[in-house]
Amino acid sequence: MTSSPLKQQFLQSTQSLGYNTNIETIRKEQYPQIKDAIYLDHAGATLPSQHHLQNFSSNLASNLYANPHSKSPSSQASSARVDSARHKVLDHFRASVHGEWDVIFTANATAGIKLVGEAFPWAQGTESKSQLTILREAHTSLVGLRGLADETSSERAIDQSTASPSTITPTYNLLAYPAQCNFSGRRFPLSWASQYKQHFDTSTTKNLVLLDAASYVMTAELDLSDLASAADFVVVSFYKMFGFPTGLGAVIVKTELAHVLRKRYFGGGTVSAIASDESWQVYRGSLHGRYEDGTLNYLDIVALDLAFESVEALYGSYSAISPHVTALHRLLFEQMRALVHYNGKPLCSLYVEDADMVGNPEMYGPILNFNLKRSNGQWIGYGDVERLASMKNIHVRTGGFCNPGSMQRWLDLSADEVKKNLEAGHVCWDDTDILNGKPTGSIRVSLGAMTTVDDVLALISFLQEYFLDASDPDAIVQSLDLIGESDELDKASDAVVHVDSVIIYPIKSCRGYKIPCGKAWPIAPHGLLYDREWMLVDEITGAALTQKRFPRMCMIRAEVLLDQNLMVVEHDEPQETADPDHNRRLYISLDVMPTEQVKSSSRVCGDCTSVVHYTSPEINEWFSRFLGKPCRLARQPVVSSNPLKGSDSPSLTSEVSESGDGRASSRFVKSHLNAPAGAPILLSNESPFLLIADKSVERVRDWVDEQDQGQGAVRRMANQSQDLEAKMRHELTSDSFRANFVTKGQELGFEEDAWTRIQIGEQVFDILGPCRRCHMVTIDQMTSMKNSDVFLALSKNRKAASGQIFFGMHMLHRPELSVAPFTVKVGDMIRTRRMPL
């Protein structure tokens with residue numbers, strides 16, 4: 001990557017002490033999988049090197065390994081490798097190889113924690129009870145120990161401020177805590193283990209300590225050489241250290257505890273003798289022999305054995321990793337802390353307890369957890385950040401990170417709020433990132449041995465470009481009066497009508513995409529750029545699919561990223577009911593028009609129009625699978641110009657016919673509307689633009705309530721819903737009316753009925769007439785559930801003498817009266833020309 005001034009400043013300063021100056025060469029040669037990626041999720045899993053993978057592949061190709069529970073040469077070869085790996089683990093952690101420690105291989109750290117919980121000697125008597133103490137900022141895997149503690153034992157959580165020897169009641173107790181918080185990177189004193197033991201151990205009682213070191217050892221070395229002061233159990237996952245193998249962890253345990261631990265279940269290979277006709281068995285003598293049930297993952301253990309050699313070959317020693325990531329961690333923190341909006345408010349809410357301690361490896365590991373805030377103080381959803389980062393090939397992690405204590409602490413969530421969020425439909429892994437004005441999770445960035453300064457600066461540049469406000473994005477934009485209605489400016493500022501939302505619907509009948517605040521969106525001859533340019537058609541007949549017949553279409557949302565020339569399609573199926581084999585995202589290039597070799601004639605609002613079909617199995621199977629209906633994605637064959645590609649380059653490459661068919665829209669504004677002949681539209685029903693007002697939506701909401709004596713069926717349905725994902729989502733919003741523009745600032749509902757021409761920013765539109773409504777407004781655009789109350793309310797209050805039901809106003813852009821470039825954005829002020837009284 002090219003060198004930036006900030007990079008040079010870092011490399012030339014004392015802040016870079018410990019930074020591996022050879023890392024760019026190592027990365028280029030050893031980590032080709034991240035050639036074009038910014039990988040910042042090493043706390044989730046670090047990455048394997050080519051050296052490691054090639055050595056492993058070569059070793060498997062050159063040696064015969066078999067199930068180690070045998071005396072054959074191949075089995076003995078496996079056993080030798082297992083013994084070698086076991087000794088290397090002990091050596092790495094400076095644990096004595098003379099019998100004081102043993103290594104029990106498990107599937108991962110979680111399996112190791114579970115093993116300890118199952119084997120722990122929980123007190124059974126009535127006079128004394130075992131006490132399980134868990135640090136509040138612990139991973140769910142540690143918290144889960146409370147499910148294994150006997151009913152006679154007690155459990156409580158502590159935080160670091162109360163974690164002192166005087167807070168533990170002695171008996172056969174277990175203290176469980178992480179060496180490093182996987183949420184915030186905070187490192188906790190390893191000396192706690194000895195402090196608890198020294199304070200409470202007696203001749204009749206003992207306090208044992210379980211240390212979750214999985215997050216800690218991803219970049220740091222753990223020294224267990226002082227047996228007396230060390231924790232009794234240490235759990236690790238090796239993929240966090242080496243990237244591979246991914247199915248292997250371990251419990252490093254003191255052998256003096258062999259007589260204390262209880263073996264309950266036993267599997268193959270763990271007994272020395274057993275009788276089948278009575279309850280008698282003798283377990284193997286060693287701890288690993290006794291607790292490694294069944295056949296070990298011996299090939300992954302071969303990979304582990306080789307992993308230590310690869311780290312030494314590439315980095316000299318594991319100890320070189322910590323200074324490297326510590327230097328980058330401090331740089332990342334300082335740069336993120338320096339990101340401020342135009343008004344001085346910080347962009348990043350960093351979940352750091354003591355800023356001065358960031359960069360001190362005794363206090364913090366290379367993790368930064370944060371959320372983003374707009375300049376007006378509103379939270380930016382972590383899901384929005386992750387989606388955009390993914391488009392830029394930046395890999396971060398979002399959510400709650402399986403650390404409920406840290407999440408509640410830093411996000412200021414009480415237990416009651418967590419429960420209410422569940423009642424509102426939010427569960428782990430879903431896309432609900434903000435509820436009741438608070439984030440439900442956050443964003444985590446974590447660094448590893450192969451992270452470079454370029455990775456850190458790329459993240460900072462990304463945050464600056466997409467989330468930092470250089471000016472007020474919510475400001476009502478003053479503009480030249482182009483329609484002679486300057487009296488509108490005499491209103492009080494809080495009554496000025498302005499654009500509250502700009503929405504496009506790239507795929508007809510699917511969810512809309514709300515243009516981000518502050519982003520100017522181009523106006524094309526046929527409507528907003530990329531609005532209703534695609535549609536789904538029946539695979540056999542070519543007929544258009546709509547929400548009326550397939551309500552689930554509203555759960556498909558398409559986001560247009562102009563700078564990436566991509567349309568990103570996702571579905572909102574809840575995690576627990578979604579097809580696990582169905583990818584949630586689909587990426588479609590804006591550049592490429594489907595070939596005209598496959599096209600059909602489809603009807604849209606009574607018009608016959610020609611569309612061309614995508615033939616990609618990946619694209620068509622994605623939609624067919626989600627809808628449960630064989631269908632194809634089709635596109636209106638017009639040339640849309642993406643302004644971010646330059647005016648000389650159309651955004652489409654198309655195999656269109658020489659006749660020119662497909663170069664212009666074949667549909668026009670409906671004749672009943674007051675529009676000039678030949679005004680083009682794509683796949684919208686009647687006109688290129690639809691406008692509604694938030695005050696008018698409020699009026700409809702009131703009508704719905706009035707229909708049922710103050711409790712509309714919409715709310716009643718929410719209260720009675722047994723579907724937690726759908727519950728509380730039946731509140732009527734502007735989304736139900738699928739408009740392109742939602743206005744705000746009007747004093748009364750339906751003021752727009754009297755408008756004849758409006759100016760949005762510096763763009764002039766003619767009002768063509770009201771929008772005729774159909775039963776599609778009965779479909780909840782978040783859940784796809786149908787509710788007739790909205791249509792009934794409109795039918796009662798907005799029905800014309802002709803029987804038509806009206807809501808919203810159709811519009812046509814007047815470029816000859818507008819100012820180029822032809823764009824609109826949220827916050828644009830609206831001037832109006834009204835019908836004469």
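Separation of atoms SG (Cys771) and CZ (Arg738) is listed at 11.5 Å; rounding is to 0.5 Å. Taking OG of Ser375 as the start and OH of Tyr342 as the end, the distance is 4.5 Å to the nearest 0.5 Å. His571 contributes atom NE2, which lies 10.5 Å from atom CG of Leu627 (distance to the nearest 0.5 angstrom). For the atom pair OG1 of Thr451 and CZ of Arg27, the computed distance is 7.0 Å after rounding to the nearest 0.5 Å. Remark: Ile507 CD1 to Glu533 CD distance equals 11.5 Å, nearest 0.5 Å. Here the straight-line distance linking atom SG of Cys348 with atom CD1 of Ile380 works out to 9.0 Å at 0.5 Å rounding.
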Between Val611 and Arg635, is a side chain to side chain contact (heavy atoms under 4.5 Å, CB included) present by the stated rule, with each step listed?
CA-CA 5 Å; Val611 292; Arg635 189 173 188 179; over 6 Å; no

As a quick check of understanding, evaluate side-chain hydrogen bond (donor to acceptor under 3.5 Å, both in side chains) for Ser442 and Asn369, giving each step before the final call.
CA-CA 7 Å; Ser442 56; Asn369 202 307; 2.5 Å; yes

Would you sort out whether Arg397 and Ile443 count as a side chain to side chain contact (heavy atoms under 4.5 Å, CB included), showing the intermediate values?
CA-CA 6 Å; Arg397 199 173 189 89; Ile443 308 155; over 6 Å; no

For side-chain hydrogen bond (donor to acceptor under 3.5 Å, both in side chains), just list the numbers for Thr609 and Gln636, CA-CA rounded to whole Å, side-chain angles, deciding distance to a tenth of an Å, and then say yes or no.
CA-CA 8 Å; Thr609 186; Gln636 185 87 4; 3.2 Å; yes

List the steps and the verdict of side chain to side chain contact (heavy atoms under 4.5 Å, CB included) for Lys373 and Leu347.
CA-CA 5 Å; Lys373 276 188 172 182; Leu347 170 65; over 6 Å; no

Does the side chain to side chain contact (heavy atoms under 4.5 Å, CB included) test come out yes or no for Asp572 and Arg557, once each step is laid out?
CA-CA 8 Å; Asp572 282 345; Arg557 50 191 169 97; 2.8 Å; yes

With salt bridge (charged side-chain N to carboxylate O under 4.0 Å, His left out) as the criterion, how do Lys514 and Asp500 come out once you've worked through the C-alpha distance, each side chain's angles and the decisive distance to 0.1 Å?
CA-CA 10 Å; Lys514 292 187 177 181; Asp500 189 55; over 6 Å; no

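Side-chain contact between Val560 and Ile515: absent, with no pair of heavy atoms (C-beta onward) separated by less than 4.5 Å. Side-chain contact check for Ile523 versus Phe689: some heavy-atom pair is nearer than 4.5 Å. For the pair Pro32/Lys35, no side-chain contact is recorded, criterion being any heavy-atom separation below 4.5 Å from C-beta on. Contact check for Ile760 versus Val499: side-chain heavy atoms found under the 4.5 Å cut-off. Between Trp521 and Leu562, some side-chain heavy-atom pair lies under the 4.5 Å cut-off. Taking the side chain as every heavy atom from C-beta outward, Leu372 and Trp379 never approach each other to under 4.5 Å. Proximity of Leu590 to Leu566: side-chain heavy atoms (C-beta onward) are nowhere separated by under 4.5 Å.
Of the possible polar contacts, none joining the Arg701 side chain to the Val790 backbone as a donor-acceptor pair under 3.5 Å is found. Asp766 contributes no side-chain N or O that, together with a main-chain N or O of Leu768, makes up a donor-acceptor pair within less than 3.5 Å. One N or O on the side chain of Arg552 and one on the backbone of Phe626 form a donor-acceptor pair closer than 3.5 Å. Of the possible donor and acceptor atoms, none in the side chain of Trp534 sits under 3.5 Å from a partner among the backbone N and O of Leu633. One N or O on the side chain of Arg773 and one on the backbone of Phe737 form a donor-acceptor pair closer than 3.5 Å. Although no hydrogens or angles enter the test, the distance criterion places no donor-acceptor pair under 3.5 Å between the side chain of Arg814 and the main chain of Val764. At distances below 3.5 Å, at least one donor-acceptor pair connects side-chain atoms of Tyr39 with backbone N or O atoms of Asp41. Between the Asp538 side chain and the Thr541 main chain, a donor and an acceptor come within less than 3.5 Å of each other. Under the 3.5 Å distance criterion, the side-chain polar atoms of Asn421 are left unmatched by any main-chain donor or acceptor of His426.
The two residues Leu690 and Gly808 have their closest heavy-atom pair at CD1-C, 4.0 Å. Closest approach of Ser687 and Ser684 over heavy atoms only: O-OG, 2.8 Å. For the pair Leu673 and Glu686, the tightest heavy-atom approach, listed with the atom from each and the gap, is CD1-O, 3.8 Å. Considering every non-hydrogen atom in both Thr432 and Tyr382, the closest pair reads O-OH, 3.6 Å. In plain terms, the two heavy atoms of Leu536 and Cys510 that are nearest each other are CD1-SG, 4.4 Å. Closest approach of Met593 and Val612 over heavy atoms only: SD-CG2, 3.6 Å.
Taking the charged nitrogens against the carboxylate oxygens, Arg387 and Glu570 do have a contact shorter than 4.0 Å, which makes a salt bridge. In this structure, Asp694 does not pair ionically with Lys744, as no charged nitrogen and carboxylate oxygen lie closer than 4.0 Å.
Residues Tyr530 and Tyr513 place their aromatic rings such that the two centres sit no closer than 6.0 Å.
Judged by distance alone, the side chains of Asp433 and Thr440 never bring a donor and an acceptor atom under 3.5 Å apart. For Thr743 and Glu752, the side-chain atoms include no donor-acceptor pair closer than 3.5 Å. Side-chain atoms of Gln547 and Ser509 include no donor-acceptor pair closer than 3.5 Å. Inspection of the Asn393 and His395 side chains reveals an N or O donor paired with an N or O acceptor under 3.5 Å. If you check the side chains of Asn740 and Asp531, you find a donor sitting under 3.5 Å from an acceptor.
Remark: Arg549 CZ is loosely packed, at most 12 non-hydrogen atoms of other residues, nucleotides or ligands lying under 6.0 Å away.
In this structure, Phe550 has no ring pair (Phe, Tyr, Trp, His ring centres under 6.0 Å) partners at least two apart in sequence or on a different chain. Contacts of Arg632 classified as side chain to side chain contact (heavy atoms under 4.5 Å, CB included), with partners at least two apart in sequence or in another chain: Val537, Glu539, Val598, His613, Asn620. Evaluation of the side chain to side chain contact (heavy atoms under 4.5 Å, CB included) rule for Ser624 yields Cys631 as partners, not counting sequence neighbours. Taking the ring pair (Phe, Tyr, Trp, His ring centres under 6.0 Å) definition, one finds that His813 meets it with Phe765, Phe822, sequence neighbours left out. Not counting sequence neighbours, the partners of Leu586 by the side chain to side chain contact (heavy atoms under 4.5 Å, CB included) test are Val569, Ile588, Glu618, Ile619, Trp622, Phe623. Remark: Ala43 engages Met218, Ile367, Arg444, Ser446 in a side chain to side chain contact (heavy atoms under 4.5 Å, CB included) (not counting sequence neighbours).
When each of Asp828, Ile503, Leu528 is paired with Phe741, the side-chain contact (heavy atoms from CB on, under 4.5 Å) condition holds for Leu528 and for no other.
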